[in-house]
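All chains are named by letter (A, B, ...) in the order of the sequence lines, taking the proteins before the strands, and each is independently numbered beginning at 1.
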Amino acid sequence: MVLELYMDLLSAPCRAVYIFAKKNGIPFDFQFVDLLKGHHHSKEYIEINPLRKLPSLRDGKFILSESVAILFYLCRKYSAPSHWYPPDLHMRARVDEFMAWQHTAIQQPMSKILWIKLLIPMITGEQVPDEKIERTMEEANKNLQQFEEKFLQDKMFITGDNISLADLVALVEMMQPMGSNHNVFISSKLAEWRMRVELAIGSSLFWEAHDRLAKLPDWDSSTLDPSIKLRMSEFLEKYK
Amino acid sequence: MVLELYLDLLSQPCRAIYIFAKKNGIPFQMHTVELREGEHLSDAFAQVNPMKKVPAMKDDDFTLSESVAILLYLTHKYKVPDHWYPRELQARARVDEYLAWQHTALRRSCLRALWQKMMIPVFLGEQVPSETLTATLAELDVNLQVLEDKFLQDKAFLIGPRISLADLVAVTEVMHHKSTFPEVTPFTVDYTLSHQSTIKKMTHRHPYKPF
């Protein structure tokens with residue numbers, strides 16, 4: 001039975017898994033769980049992941065959530081080239097350190113930018129107060145700076161000369177604000193690193209994975225199911 | 001040079017590392033970084049960890065932050081018993097899954113509950129609005145329920161019959177209320193009541209028991 005990956009490429013963690021699987025020629029069935037239609041709340045998907053989050057992996061009877069866990073699983077099961085998760089103790093530790101840090105330092109702020117700049121206004125018709133936007137941006141910028149100073153430094157990639165899972169995860173997350181036409185790659189160091197990672201992945205695969213995100217501003221949010229909108233409003237309260 | 005660990009045992013991730021190192025006979029030099037004195041904000045400590053957080057580790061010239069990364073580093077370098085981070089693919093994936101989930105779930109709720117219920121009122125003399133506190137404790141409840149229903153289920157430990165890094169990280173988190181500030185008892189009481197069974201299960205299987 002072939003591997004199943006439950007994803008929506010609007011989600012950065014899904015893009016990381018998608019790109020990794022494709023890049024490494026790992027055969028899988030793409031099970032599209034449409035976030036915009038609220039399909040992550042469907043009975044079928046809740047059976048796969050009761051936490052209703054993406055991505056999920058199903059390998060026969062084995063179901064796994066959490067993109068970081070999924071990436072490590074795929075890496076090991078399919079013996080991906082070692083630069084993705086180097087065997088060297090120190091290099092591997094840097095990847096682990098970034099993977100731990102990024103949950104709250106990069107993924108959350110980048111996702112917040114998309115919500116604040118595009119999704120909240122689009123879905124609710126309300127603007128988020130300027131002061132809230134400013135605070136979000138400040139935190140995001142501070143963390144991006146820490147990324148440059150601590151993880152990237154003067155290297156080509158986070159572990160040195162080659163791309164690893166850490167660069168992949170970092171980049172797809174930093175791309176998230178692009179869905180609201182907000183570009184975080186302002187410093188030349190970050191912009192150059194971004195290009196390097198894109199090229200290491202392959203531009204065609206990279207942009208294929210980001211196509212749905214790029215089209216997000218064109219989404220007609222009036223088609224959003226009212227029950228989904230209601231569920232979202234609780235979630236949105238957090239960002240206000 | 002011996003491994004150096006920069007810890008404050010008030011912090012859950014620090015306790016997980018301390019217990020793991022001691023349990024596995026890993027020699028280390030302990031540097032206490034007094035959080036209550038703001039020592040983590042000092043320039044000296046920033047040399048070890050520019051993120052200004054504990055725990056941090058220094059192995060000769062190599063510095064490392066993030067408790068999960070440090071636990072994995074110790075696991076690989078000191079070749080600890082397999083059950084901590086099993087080599088078997090799916091068992092290992094289960095540990096990874098818990099360690100990833102907990103950052104934005106249980107850890108976040110426990111930290112917020114600690115700050116809003118105790119740290120802010122006791123140390124800053126401010127009260128947190130009751131709706132905020134209620135929401136935080138409700139979120140904590142949800143996460144403790146997930147810990148029970150999704151991760152623990154009917155197994156002896158989070159990923160199976162033996163203790164792993166996942167259990168260590170989880171148990172030090174839920175112990176936070178008990179061990180940290182013994183003089184603040186009201187917090188201890190109502191925090192644990194609704195999840196007594198989960199906390200009992202977890203603390204009963206605490207790593208101090210031989211296996």
- [ ] Considering only heavy atoms and a distance below 4.5 Å, find which of A:Asp96, A:Val68, A:Leu89 pairs most often with chain B.
- [x] A:Leu89
TODO: Might you confirm whether atom CD of A:Gln153 has over 12 heavy atoms from other residues, nucleotides or ligands at distances under 6.0 Å?
DONE: yes
TODO: Starting at CD1 of A:Ile63, measure out to CD of B:Gln90 and round the result to the nearest 0.5 Å.
DONE: 11.0 Å
Open item on the list: Are more than 12 heavy atoms, taken from residues, nucleotides or ligands other than B:Phe28, located less than 6.0 Å from that residue's CZ atom?
Closed with: yes
TODO: Verify the neighbour count for atom NZ of A:Lys150: are there more than 12 heavy atoms of other residues, nucleotides or ligands below 6.0 Å?
DONE: yes
Task: Top of B:Val146, B:Val95, B:Asp96 for chain A proximity - count of heavy-atom pairs under 4.5 angstrom - done: B:Asp96
TODO: List the atom of B:Ala93, the atom of A:Ala69, and the distance in Å for their closest heavy-atom pair.
DONE: O-CB, 4.0 Å
Task: Top contributor to chain A interface from B:Leu72, B:Asp59, B:Ile70 [non-hydrogen pairs under 4.5 Å] - done: B:Leu72
- [ ] Count the heavy-atom pairs under 4.5 Å between each of B:Ala100, B:Ala135, B:Ala69 and chain A, then report the option with the highest count.
- [x] B:Ala100
Task: Residue pair A:Lys77 / B:Leu89: nearest heavy atoms and the distance that separates them - done: CB-CD2, 3.7 Å
Open item on the list: Quick check on side chain to side chain contact (heavy atoms under 4.5 Å, CB included): which of B:Gln102, B:His103, B:Glu97 does A:Glu66 satisfy it with?
Closed with: B:Glu97
Task: B:Tyr73 OH to A:His90 NE2 distance, which is reported to the nearest 0.5 Å - done: 3.5 Å
TODO: Select one option (side chain, backbone, both, neither) describing which atoms of A:Tyr73 are under 4.5 Å from chain B's heavy atoms.
DONE: both
Task: Choice from A:Gln107, A:Glu149, A:Gln146 maximising heavy atom contacts with chain B below 4.5 Å - done: A:Gln146
Open item on the list: Measuring from atom CZ of B:Arg107 to atom OG1 of A:Thr104, what distance do you get when rounded to the nearest 0.5 angstrom?
Closed with: 9.5 Å
Task: Atom group of A:Leu51 that falls short of 4.5 Å from chain B, counting heavy atoms - done: side chain
Task: A:Glu97 side-chain N/O to B:Glu66 backbone N/O, donor-acceptor pair under 3.5 Å - done: no
- [ ] State, with a plain yes or no, whether a side-chain heavy atom of B:Arg108 is found less than 4.5 Å away from one of A:Gln108.
- [x] yes
Open item on the list: Quick check on B:Lys77 against chain A: is it the side chain, the backbone, both or neither that has a heavy atom closer than 4.5 Å?
Closed with: both
Task: Within 6.0 Å of CD in A:Glu47, more than 12 heavy atoms from elsewhere - done: no
Open item on the list: Other residues, nucleotides and ligands only: do more than 12 of their heavy atoms fall within 6.0 Å of NZ on A:Lys155?
Closed with: yes
